[in-house]
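To keep things clear, I will list the structure first and then write my remarks on it.
Keep in mind the model is a prediction, meaning the values are calculated, not measured.
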Amino acid sequence: MSATTTFEVGITTLTDVDAISRIALDVRDMADHLERNEFIDARRIYEEGKHTPQYDAYGNEKDEFLSLKRMANAWRGGMYDEDPTFMFQMLGMKDSAASVEDALSSYGSYADLYVTELLNDYASGTLGAQASTILIVSMYATHQLWDGMLDCFAVYNGYNAEADQTGRINPKQSFDNFIALYVGAGQTLAADWDGDMLYELAQAGSNLFDRASSEGEAIVNSAIKELYQSIQRTLSEEDYCKRDDSIEKLWLLSNRIVAKTYIPMVQMLIHSMKQEDEAHKVKMYALAVIPQLSQCRPSIHGKLKNYLLDKPYDKSDFRRIVDLLQQSYDCLGFSCEDVGVYKEGTEDMVAECAGYEKYHPMAGFTPKRDVRTLSKADLDILAVKQLLQFPSTTQNKMAQLYFKYGKAAEIDDNDFGFRLMSLHDMTQPSDEGQWSPYYSDYIEYFGREKNGDSAIMVAFNDRNGDAAQRRAFIPALMRYNVVPEYMMSLIGYSLQLCPETDNEVTPVQYWNAFAALYIGSMEGMKSSNSNEDGVMLWSVANNGARLFNTQNDKFTARVNDEMTDLLFAGQSELERKDCVNFEKTASRVLHLMLVPLIQSTIYYAIVNAKLGRDSTAESLAIGEALAYSVLPIVSKYDKKAAAVIARNMKRGPGIKPVAEGPQAVANAFFKILDDIGWGCEYVGQHDGIDACEQFDGKILKSRGSMLFRPRAATVFIGLATAIWGMRSLL
């Protein structure tokens, strides 16, 4: 049996991690030297290491110690190439116009540069040692989780970790390395809770925010220990990492751990902003937190980056900063309650934020069921788009995991595990009776079920196509195909449930779920406050309205005004079981959601018509994905019109994009406007291209039913299964 390591906090690892845990002793000794103004000695430990031996693949000790400086620059050797936390950090530090290559060049060594600057500033006190933990150890520790995931995939694909004596791939070792770095050698329990790593940081935060258990341990630390022990149980199972369910567990547990590690960082950031004698630490904690918001609402990330990273902290901005931070908790994976109240009962108190109410408004619509978590599917799409910007030797395996298992759309974290609905789940057939009015039309057009899933995985695994088009095509398929098709099944299922009275779930849940996916989580609470953060159809409609001159007097889409009214109407009709009128409302909603997709397809026809035969522009991939989103419906009503759109919008070697011109595409869409029941005043015109060039002056609006017929279809995994009756992952 292999050696293990036991920590006083109540953790025994599966492998020997004593050596790597001793990096904590380097931080301790650096702090001691800095206390005595022995900066040269502190720098020597930082650069060369002191307590942490390194070993080669055969267990022989190397001449060099592992040092904090080497950890800070591990990215240069490719160690962080598949690490989502590091990627979000780079994206969150760069200017919006800068490339990924520029970001890596400018900010890859951000932690090393910051710590080195402190260690050469004789007025900085012990801050250099603290920053080594906050910025270097935290990133290196988190990486061990992602490294464990990649190791697990190697086992899944046939690698025998147990037989490999070199330890080159060892998921148990990687996950154990995380806890060793999180706790660190020398960490003690009550009453002193003495230590130098992230466990001790969480203890400090819990004392300030009253978030410790009755035994004195930070709630965050208790949670991370339990999550780690769940990982241990998974890795102790027979055939660990060889089953899809074990990989899913590890993915979800790892994401939960990462979310917990942000809590003490945020607590200490608030503390350092609030206390003048701690203000010199604001930049350090901001560097640990703010760049990670690149995976959240861009507008909030941009404002906080400006307040805390692009200029020195100004205490007069405290209230604005805290408000923006609190709006970001949910995206990062924790709640207002997790953070707590700062110094309750004192004049410095910072109250706990209100969090999300059950009926949280979304862009002006207030649902009657809690579907906020489902609305966060947009964050998974954003994450995939972000991660695809980086080169990868694994076909962007981490982005694939966001697609397959999801992260952002958290349902609950009971038993310390995620229960999620992923984008991949939305594509999966099920034996449950589902009701998408156009399901058979999509099957007929594409010749297969799960077309969105198949197309996305083909694109992920494409090694020969244009890289830029691949980066654009994958998230476009998710935005314009996977989510809208699933939304159609929600409308249909809401209608089928309307007359029933004995179901555990009500049709309002499915109707609200449709609204959550139409709007997304990034639009804000009020329609007037909606911005360009979003990626769902609400945002697509607003962008289309600006381009096609179909805005209201508040400069948002008339389509969204109409949609909001219909969402409220449908919700009311379902609550009072007015199924006759609800069928009409459902029909109008189903077809109104097509308008922004039609506008966007025409827009990309206009853009792509200007390109040559050999162009590799990303817009070609996006235009094709948009065309796929509506072609099955167009084909249902007019196969000739669908053929015009297809041959102009699909990519192909040596084919002139939009050879017949964008007006031909627009005219093809006009032929089916009468069938979908929404007229020219909603589609508009752009750059001289008018979808209603042949308009005869008659204004159309959907008048009645879309003629749902009671035919069961095994469309997509049921929302009831995915949300209200989801499997337990632990």
Side-chain angles (χ1 to χ4, degrees), residues 330 355-380 406 408-412 419-421 423 425-426 432 434-437 483-501 503-527 530 534 536-539 541 560-579 581-590 592-593 708 715-726:
D330 190 52
Y356 286 87
E357 299 177 356
K358 183 177 181 181
Y359 308 132
H360 187 71
M362 302 179 294
F365 173 68
T366 304
K368 292 297 183 70
R369 296 293 184 274
D370 186 358
V371 291
R372 173 185 52 84
T373 51
L374 185 61
S375 74
K376 290 192 288 183
D378 58 356
L379 297 178
D380 287 339
E410 178 188 353
I411 301 305
D412 65 55
R419 291 178 176 182
L420 302 176
M421 182 167 202
L423 293 159
D425 287 338
M426 295 181 191
E432 298 178 60
Q434 294 293 319
W435 302 83
S436 174
V483 175
E485 285 181 48
Y486 183 71
M487 289 164 62
M488 293 177 192
S489 74
L490 296 176
I491 295 175
Y493 202 51
S494 298
L495 182 59
Q496 300 313 310
L497 287 177
C498 183
E500 299 182 16
T501 58
N503 281 353
E504 292 183 8
V505 293
T506 73
V508 175
Q509 291 170 325
Y510 292 86
W511 187 250
N512 288 171
F514 169 87
L517 291 174
Y518 182 84
I519 297 169
S521 70
M522 294 191 284
E523 293 294 345
M525 296 172 62
K526 298 179 180 179
S527 177
S530 295
M536 301 309 228
L537 287 182
W538 180 278
S539 175
N560 286 339
D561 284 350
E562 188 80 33
M563 182 65 78
T564 302
D565 290 343
L566 290 169
L567 290 173
F568 276 117
Q571 183 169 255
S572 176
E573 289 157 359
L574 287 171
E575 287 186 313
R576 63 178 187 266
K577 296 291 183 182
D578 182 0
C579 301
N581 283 314
F582 177 69
E583 183 174 1
K584 298 174 184 178
T585 300
S587 176
R588 294 173 67 191
V589 164
L590 174 70
L592 182 62
M593 66 177 277
F708 283 102
V715 191
F716 307 107
I717 184 171
L719 191 64
T721 299
I723 296 181
W724 293 284
M726 177 63 85

Is the side chain of [X] donor-acceptor paired with the backbone N or O of [Y] at a distance under 3.5 Å, no angle test?
X    : Y    : value
S375 : A516 : no
S572 : F568 : no
N512 : K368 : yes
S587 : K584 : no

Closest non-hydrogen atom pair between [X] and [Y], with its separation:
X    : Y    : result
M362 : P367 : CE-CG, 4.1 Å
C579 : P499 : SG-N, 3.5 Å
L566 : W511 : O-CZ2, 3.6 Å
V371 : A513 : CG1-N, 3.8 Å
E523 : A363 : CB-CB, 4.2 Å
F365 : A515 : CE2-CB, 3.6 Å

Side-chain touch [X]/[Y], heavy atoms, less than 4.5 angstrom:
X    : Y    : answer
P484 : M593 : yes
P507 : L495 : no
M487 : S436 : no
Y486 : L423 : no

As an exercise, state the distance from [atom1] of [X] to [atom2] of [Y], rounded to the nearest 0.5 Å.
X    : Y    : atom1 : atom2 : result
T373 : D330 : OG1   : CG    : 9.0 Å
L537 : D378 : CG    : CG    : 11.5 Å
M525 : T366 : CE    : OG1   : 8.0 Å
E583 : Q496 : CD    : CD    : 8.5 Å
E562 : L567 : CD    : CG    : 10.5 Å
D565 : M563 : CG    : CE    : 11.0 Å

For this session: Might you work through the side-chain contact (heavy atoms from CB on, under 4.5 Å) test for L574 and Y510, ending with a clear yes or no?
Result: CA-CA 10 Å; L574 287 171; Y510 292 86; over 6 Å; no
Problem set entry | Verdict with reasoning, I519 to M536, per side-chain contact (heavy atoms from CB on, under 4.5 Å) | CA-CA 6 Å; I519 297 169; M536 301 309 228; over 6 Å; no
Problem set entry | side-chain contact (heavy atoms from CB on, under 4.5 Å) against D578, all qualifying residues, sequence neighbours excluded |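 Once residues adjacent in sequence are excluded, the partners of D578 under the side-chain contact (heavy atoms from CB on, under 4.5 Å) criterion are E573, R576, V580, N581.
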Exercise. Does N560 have any side-chain hydrogen bond (donor to acceptor under 3.5 Å, both in side chains) partners at least two apart in sequence or in another chain, and if so, which?
Worked result: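 Residues passing side-chain hydrogen bond (donor to acceptor under 3.5 Å, both in side chains) with N560: Y518, N542.
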Problem set entry | Listed partners of E500 passing salt bridge (Lys or Arg N to Asp or Glu O under 4.0 Å), at least two apart | none
For this session: Please step through side-chain contact (heavy atoms from CB on, under 4.5 Å) for the pair L517 and M426, ending with a clear verdict.
Result: CA-CA 11 Å; L517 291 174; M426 295 181 191; 3.9 Å; yes
